[in-house]
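Values below: every heavy atom of this structure, side chains too, minus hydrogens, waters and symmetry copies.
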Amino acid sequence: MANRTVKDAHSVKGTNPQYLVEKIIRTRIYECRYWKEECFALTAALMVDKAMELKYVGGVFGGNIKPVPFLCLLLKMLQIQPEKDIVVEFIKNEDFKYVRALGALYMRLTGSSIDCYKYLEPLYYDYRKLKRIDRNGAFATIHMDEFIDEILREERICDIILPRIQKRHVLEETNVLDPRVSAVEEDFDEMESDEEDDYMKELKKIPPPEKKSKEKEKRRSPSPHRRPSPHRREREKDHRRSPVRKRSRSRSRERDRRNHSPNYKPHKDEDRHRRSKKSRHDKDKDKDSDRHRSSRHGDRDRERDRGRDKDRHREKTSSRHSEKKRDDRDGKSSRKGGSSTKEQEIKEANLMRAKLGLAPLRL
């Protein structure tokens, strides 16, 4: 008797309200301890106190499919079927977030599509955190706006299959609902307007570009009578001197005739022309060879000059060293006495006499 629906309850979606929960989960709820102890003989007035004690949302968890208190209270609301005003007060409650979540899920199960959009869409602006338990018994953190979005879009939540509702765009086309204006879009529009204002202010701060004077333009613009650069002159001279010329068609025909005809005999003028060409070619070769030889001779002369400079430098350095040695010897001999200096002078004089073939001096 305790698990039956109230006698004066209205059918929801054409069936008993408790049948919106699957039979397996419903039987698990009837067998759990929380249902038997806490949900027995609950009324709509006492339901608020129990909802305020909730600490998380979810369906069933664990290997033995144990239901959570949130699901037990939801089934109790389907059993006693409270009035619509009480459910709306649950949704509008801002102090207790789990009471709001319970009322929102009950409205989604029992209310029409218009009521769901009307009462649940304002909850998109509630960003409070909720705890949710999954099938493995692990907790996760979600937000109230995420929970409401899942209620309106998903087909299954908290292990309960949600009844179908009409799409919002269909209701907008039939003029039943006004088009929804998101607060985020308004914020974006305000941000864009602020950015445009800032951009216009920055543009006003930037000074306009200065107009170039006519004198500067005249200076910069190239004059038609401007003299060419020296590099350009050299290129033009080389181009004029280049012997490349266009060949006439008659010459090409004559060459073909020479190559193809075996009994062809050249004319006297042609022989002269060939000889003159050969002589010019030989002259060019001679000039190139002369230049090459002159460049070789110039390199050899430079190498000889370098070798002579090196030899001179060596002679100078050797003479300097010999002078230093002589000075050192003279200094030493001067220290020993004047007799040693005289002996050295006599020895040097005798050496010179021996070279000239004269008799040596006596000490």
Short question: side chain of [X], backbone of [Y] - any donor-acceptor pair under 3.5 Å?
X      : Y      : answer
Tyr98  : Lys55  : yes
Lys76  : Cys39  : yes
Arg128 : Glu94  : yes
Arg28  : Lys66  : no
Asn136 : Ala138 : no

Roughly how far apart are [X] [atom1] and [Y] [atom2], rounded to 0.5 Å?
X      : Y      : atom1 : atom2 : answer
Leu42  : Gln79  : CG    : CD    : 9.5 Å
Phe147 : Leu130 : CZ    : CG    : 7.0 Å
Glu89  : Glu83  : CD    : CD    : 12.0 Å
Ile91  : Asp126 : CD1   : CG    : 12.5 Å

Minimum side-chain heavy-atom gap [X]-[Y] below 4.5 Å:
X     : Y      : value
Met77 : Leu102 : yes
Tyr34 : Val68  : no
Ser11 : Asn16  : no

Electrostatic pair Glu150:Arg132 at N-O distance under 4.0 angstrom:
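Counted as a salt bridge, because a side-chain N and a carboxylate O are separated by less than 4.0 Å.
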
| message | Using a strict threshold of under 4.0 Å (side-chain N to carboxylate O), is an ion pair present between Lys84 and Asp115? | response |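 A salt bridge is present here (some side-chain N lies under 4.0 Å from a carboxylate O).
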
Of all the heavy-atom pairs spanning [X] and [Y], show the shortest one and how long it is.
X      : Y      : value
Cys72  : Ile29  : SG-CG2, 4.0 Å
Leu123 : Ala104 : CD1-CB, 4.2 Å
Leu78  : Tyr106 : CD2-CE1, 3.5 Å
Ile80  : Ala44  : CD1-N, 4.0 Å
Arg108 : Leu152 : NE-CA, 4.4 Å
Gln81  : Pro17  : NE2-CG, 4.2 Å

*Could you go step by step and tell me if Gln18 and Thr5 meet the side-chain hydrogen bond (donor to acceptor under 3.5 Å, both in side chains) rule?*
CA-CA 7 Å; Gln18 289 194 77; Thr5 311; 2.8 Å; yes

- [ ] Tell me, with the steps shown, if Met47 and Leu73 meet side chain to side chain contact (heavy atoms under 4.5 Å, CB included).
- [x] CA-CA 8 Å; Met47 182 70 67; Leu73 291 178; 3.9 Å; yes

Linking I/L/V/M/F/W/Y whenever their side-chain heavy atoms sit closer than 4.5 Å, directly or via other members, would [X] and [Y] fall into one cluster?
X      : Y      : answer
Tyr125 : Ile151 : no
Ile24  : Leu20  : no
Ile161 : Val12  : no
Ile114 : Val170 : no
Phe40  : Leu74  : no

Pair Phe90, Val48 - check side chain to side chain contact (heavy atoms under 4.5 Å, CB included), show working. CA-CA 8 Å; Phe90 275 35; Val48 181; 3.5 Å; yes

Ring pair (Phe, Tyr, Trp, His ring centres under 6.0 Å) between Tyr56 and Phe70: does it pass, once the steps are laid out?
CA-CA 7 Å; Tyr56 51 88; Phe70 181 83; 9.0 Å; no

Q | salt bridge (charged side-chain N to carboxylate O under 4.0 Å, His left out) partners of residues 152-168, not counting sequence neighbours, each pair once | A |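 For residues 152-168, and leaving out neighbouring residues, the salt bridge (charged side-chain N to carboxylate O under 4.0 Å, His left out) pairs sorted by first residue read Glu22-Arg156, Glu121-Arg168, Arg135-Asp159, Asp149-Arg153, Arg168-Glu172.
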
[X], [atom1] atom: more than 12 neighbouring heavy atoms under 6.0 Å:
X      : atom1 : result
Lys97  : NZ    : yes
Tyr124 : OH    : yes
Lys13  : NZ    : yes

Requested in this report: Using the side chain to side chain contact (heavy atoms under 4.5 Å, CB included) rule, take Leu54 and Val99 through it: C-alpha gap first, then chi angles, then the decisive distance, then the call.
Outcome: CA-CA 8 Å; Leu54 293 174; Val99 175; over 6 Å; no

Identify, with sequence neighbours excluded, every residue that meets ring pair (Phe, Tyr, Trp, His ring centres under 6.0 Å) alongside Phe96.
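If we apply the ring pair (Phe, Tyr, Trp, His ring centres under 6.0 Å) test to Phe96, skipping adjacent residues, there are no hits.
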
| With Gln166, which residues qualify under side chain to side chain donor-acceptor pair (under 3.5 Å), at least two apart? |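 If we apply the side chain to side chain donor-acceptor pair (under 3.5 Å) test to Gln166, skipping adjacent residues, there are no hits.
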
_Determine whether Val87 and Tyr119 satisfy the following criterion, side chain to side chain contact (heavy atoms under 4.5 Å, CB included), listing intermediate values before the conclusion._
CA-CA 10 Å; Val87 179; Tyr119 292 110; over 6 Å; no

